[in-house]
Amino acid sequence: MSQKFQELIQSDRPVLIDFFASWCGPCKVQSSVLTTVKDNIGEAARIIKIDVDQYPAIAAQYGVRGVPTLAVFKQGELLWKESGVHDVNTLTDLLTKFAGDN
């Protein structure tokens, strides 16, 4: 998965990674928010979910200590990372901004 993950984050489009756990209540809230964000941004960015229990090495590599943690990558570079639940407008604006930065 690590090689596949590296390929994913090398994209020219922003890639939002949702580090989550299946047992996490706030993660379920964040997941429904991300569904709306995806509808808002369309093809401008990708949203990928990473289960920290299935891929602990990737979570550790990026310093994920709590879930949900969201991270945005573009061309392999970590542009933004925060823990906690974020709202639709904040995430839509963030991804739109990064999609426009070339």
Student: Who are the salt bridge (Lys or Arg N to Asp or Glu O under 4.0 Å) partners of Glu7, not counting sequence neighbours?
Tutor: none
Student: Which of these, Asp93, Asp87, Thr92, sits in a side chain to side chain donor-acceptor pair (under 3.5 Å) with Thr90?
Tutor: Asp87
Student: Val85: which other cluster members, linking ILVMFWY side chains closer than 4.5 Å, directly or transitively?
Tutor: Val29
Student: A side-chain contact here means heavy atoms from C-beta on lying under 4.5 Å apart; do Asp12 and Lys74 qualify?
Tutor: no
Student: Which pairs count as salt bridge (Lys or Arg N to Asp or Glu O under 4.0 Å) when at least one residue sits in residues 22-35, sequence neighbours excluded?
Tutor: none
Student: Check the angle between the aromatic planes of Phe73 and Tyr62 and answer parallel, tilted or perpendicular using the 30° and 60° thresholds.
Tutor: perpendicular
Student: Closest heavy-atom contact between Gln30 and Leu91?
Tutor: NE2-CD1, 3.5 Å
Student: Quick check for you: to the nearest 0.5 Å, what is the distance between Tyr55 atom OH and Ile50 atom CD1?
Tutor: 7.0 Å
Student: Supply the atom-to-atom distance Leu34 CG to Ile48 CD1, rounded to the nearest 0.5 angstrom.
Tutor: 11.0 Å
Student: Could you report the tightest heavy-atom contact between Pro68 and Cys27, atom names first, then the distance?
Tutor: N-SG, 3.6 Å
Student: Pair up each side-chain donor or acceptor in residues 14-25 with any protein partner under 3.5 Å, not counting sequence neighbours, and list the distances.
Tutor:
from: Asp18; atom 1: OD2; to: Lys49; atom 2: NZ; distance (Å): 2.8
from: Trp23; atom 1: NE1; to: Asp53; atom 2: OD2; distance (Å): 2.7

Student: Among residues two or more places apart or on two chains, list those pairs meeting ring pair (Phe, Tyr, Trp, His ring centres under 6.0 Å) that have a residue in residues 25-50.
Tutor: none
Student: What distance separates Arg13 CZ from Leu8 CG, expressed to the nearest 0.5 Å?
Tutor: 10.5 Å
Student: Which value, rounded to the nearest 0.5 Å, describes the distance between Leu78 atom CG and Ile9 atom CD1?
Tutor: 8.5 Å
Student: Considering non-hydrogen atoms only, spot the tightest contact between Ala45 and Lys38 and give its length.
Tutor: O-NZ, 3.3 Å
Student: Run the side chain to side chain contact (heavy atoms under 4.5 Å, CB included) test against Glu82 and tell me which residues pass, sequence neighbours left out.
Tutor: Trp80, His86
